[in-house]
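Working notes, structure below.
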Amino acid sequence: MQTSFTLAQLADPDIAESEKILRACVHCGFCTATCPTYLLDGNELDSPRGRIYLIKDMLEHDRPATADVALHIDRCLSCLACMTTCPSGVHYMHLVDHARGHIEETYRRPLGERLLREVLVKLMPYPQRFRLALIAAQFGKPFAPLAQVIGLTRIAAMLRLAPWGKAYRPLAPQTFPAIGTRTGRVALLPGCVNDVLAPQINAATISVLTRHQIEVVIPDGVGCCGSLVHHMGRDNEALAQARANIDAFGALAAVDAILITASGCGTTVKDYGFMLRGDPTYAERAARVSGLAKDITEYLAALPLRAGQDAPGLAVAYHSACSLQHGQRITRQPKELLARLGFVVKDIPEGHLCCGSAGTYNILQPDIARRLRERKVGTIERLRPDVIAAGNIGCITQIAAGTEIPAVHTVQLIDWATGGPCPPTLREHQPRAAMRLSTAAG
Ligand code: SF4
Ligand code: SF4
């Protein structure tokens, strides 16, 4: 694609990077075939190619974002399916991240939108605050239908997504020693939402790792990866959160890897090197952290895991989170691990399509998110699996809100099959699975 940035504009490294990306696009339109928002409504401006044109026009003319540009960019899930499909290697993620920053700087959203975004930014990256918000949401949940009827659709979406039950305390910084002779040492990014909503995910991670002689360290000072604010275009806050994590990981003695159990966070941590490329104090350390970052299944795939009990033989519908399959290009490992440990892995048709979770998307764009969830749940339920597995808490929460089939993190099944406890959700929600489990357990 031809561009017409001036030399003065190209002196800005962010513009120079985006220009490189834009020039790689040959506007063939292949990406439209796998874009969830284009698939739903068929509007070119809600396709990757359409968004690329909008971004090009906005950046080239150095224009403030208009309401129309914000609308179509906001509707983008950042699922990155377009990057997997693109034959020209267009790095849409960096382009749309740049555009979101430009929109945040130049466009004033309506008051309600600004307030909602502010609430999300002030609550979700902070586990203690998020925990209190979840406790409060228990009282509000019965009013979700009322909120929907009176037009507070985003509040309704938030209340519906807040799971019933306890909100947990996040894991404190500590070291979990390896059981037996230590053969490895890893750092764990506990994640901000992960631990409060589903502490069993990190518990399973620590359990399977320590049982396989790996020491697990949760560093002091580690916090939100920054993706939540990054996807809202709040670049300075995202970079501050990234720097805090880089400092926290940097203060540790050597580790073999930095493990992440929420693939949305993993994609961002793996991008720290790029995000901080222009910061002379952090660039090198950021690249080092990104180089060490691994999804939990990526790391486990290299360990000699063995099934520790009779293979449960449950049918698992494996939902490949967009951030894992498109953002990190990890597709094989989770399924191979599950199959190796005795599960019957069922591929979900239209597996490239997002479930509608996408960070805070299911709150900010509840209608599109609901339609995508219904489509995803429909394809999953037709498979009649015993359990759904995914590698991202956002997807697990989103899908679980639309089906009775229990949804767990892949690592929980891996831990269970190698001698850890059965995921609690499996026992509670799925009599058929629980029955098969007790048969398998003997
Ligand atoms: S597939 Fe790639 S090259 Fe073709 S229009 Fe989409 S982004 Fe551009
Ligand atoms: S990131 Fe996803 S929603 Fe956004 S343009 Fe690409 S395919 Fe479409």
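Numbering of residues begins at 1 and proceeds along the displayed sequence. One-based numbering, in listed order, for ligands and for the atoms of each.
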**Report entry** Test log, rule side-chain contact (heavy atoms from CB on, under 4.5 Å), inputs S18 and I55
**Finding:** CA-CA 9 Å; S18 288; I55 297 170; 6.0 Å; no

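Heavy atoms of T85 come nearer than 4.0 angstrom to ligand 1 in no pair at all. Residue contact annotation: P87 has a non-hydrogen atom under 4.0 Å from ligand 1. Residue contact annotation: T32 has no non-hydrogen atom under 4.0 Å from ligand 1.
Two residues are said to be in side-chain contact when any heavy atoms from C-beta on lie closer than 4.5 Å; P385 and I380 meet this criterion.
Ranking protein heavy atoms by distance to atom 5 (S) of ligand 1, first place goes to G29 N, 3.2 Å. Nearest non-hydrogen protein atom to atom 3 (S) of ligand 1 is V26 N, 3.3 Å. Given atom 8 (Fe) of ligand 1, the protein heavy atom at minimum distance is C25 SG, 2.4 Å.
Listed by chain and number, the residues in a salt bridge (charged side-chain N to carboxylate O under 4.0 Å, His left out) with R63 are D57 (sequence neighbours excluded).
Close approach to C28 involves these atoms of ligand 1, each under 4.0 Å from a residue heavy atom: 1 (S), 3 (S), 4 (Fe), 5 (S). Close approach of ligand 1 to C86 is summarised as follows: ligand atoms under 4.0 Å from at least one heavy atom of the residue are 1 (S), 2 (Fe), 3 (S), 7 (S). Counting atoms of ligand 1 from 1 in the listed order, those under 4.0 Å from a heavy atom of I52 are 7 (S). Interface atoms of ligand 1 facing S88, defined by a heavy-atom separation under 4.0 Å, are 3 (S).
Remark: R329 does not engage E298 in a salt bridge, criterion side-chain N to carboxylate O under 4.0 Å. Of the charged side-chain nitrogens involved, none lies within less than 4.0 Å of a carboxylate oxygen, so that R100 and E104 do not count as a salt-bridged pair. A salt bridge does not link R75 with D41: none of the charged nitrogens is closer than 4.0 Å to a carboxylate oxygen.
For atom 6 (Fe) of ligand 2, the tally of protein N/O/S atoms lying closer than 2.8 Å stands at 1.
Ring pair F274/H91 is parallel by interplanar angle, where below 30° counts as parallel and above 60° as perpendicular.
Between G101 and D235, the shortest heavy-atom distance links the atoms CA-OD2, 3.7 Å.
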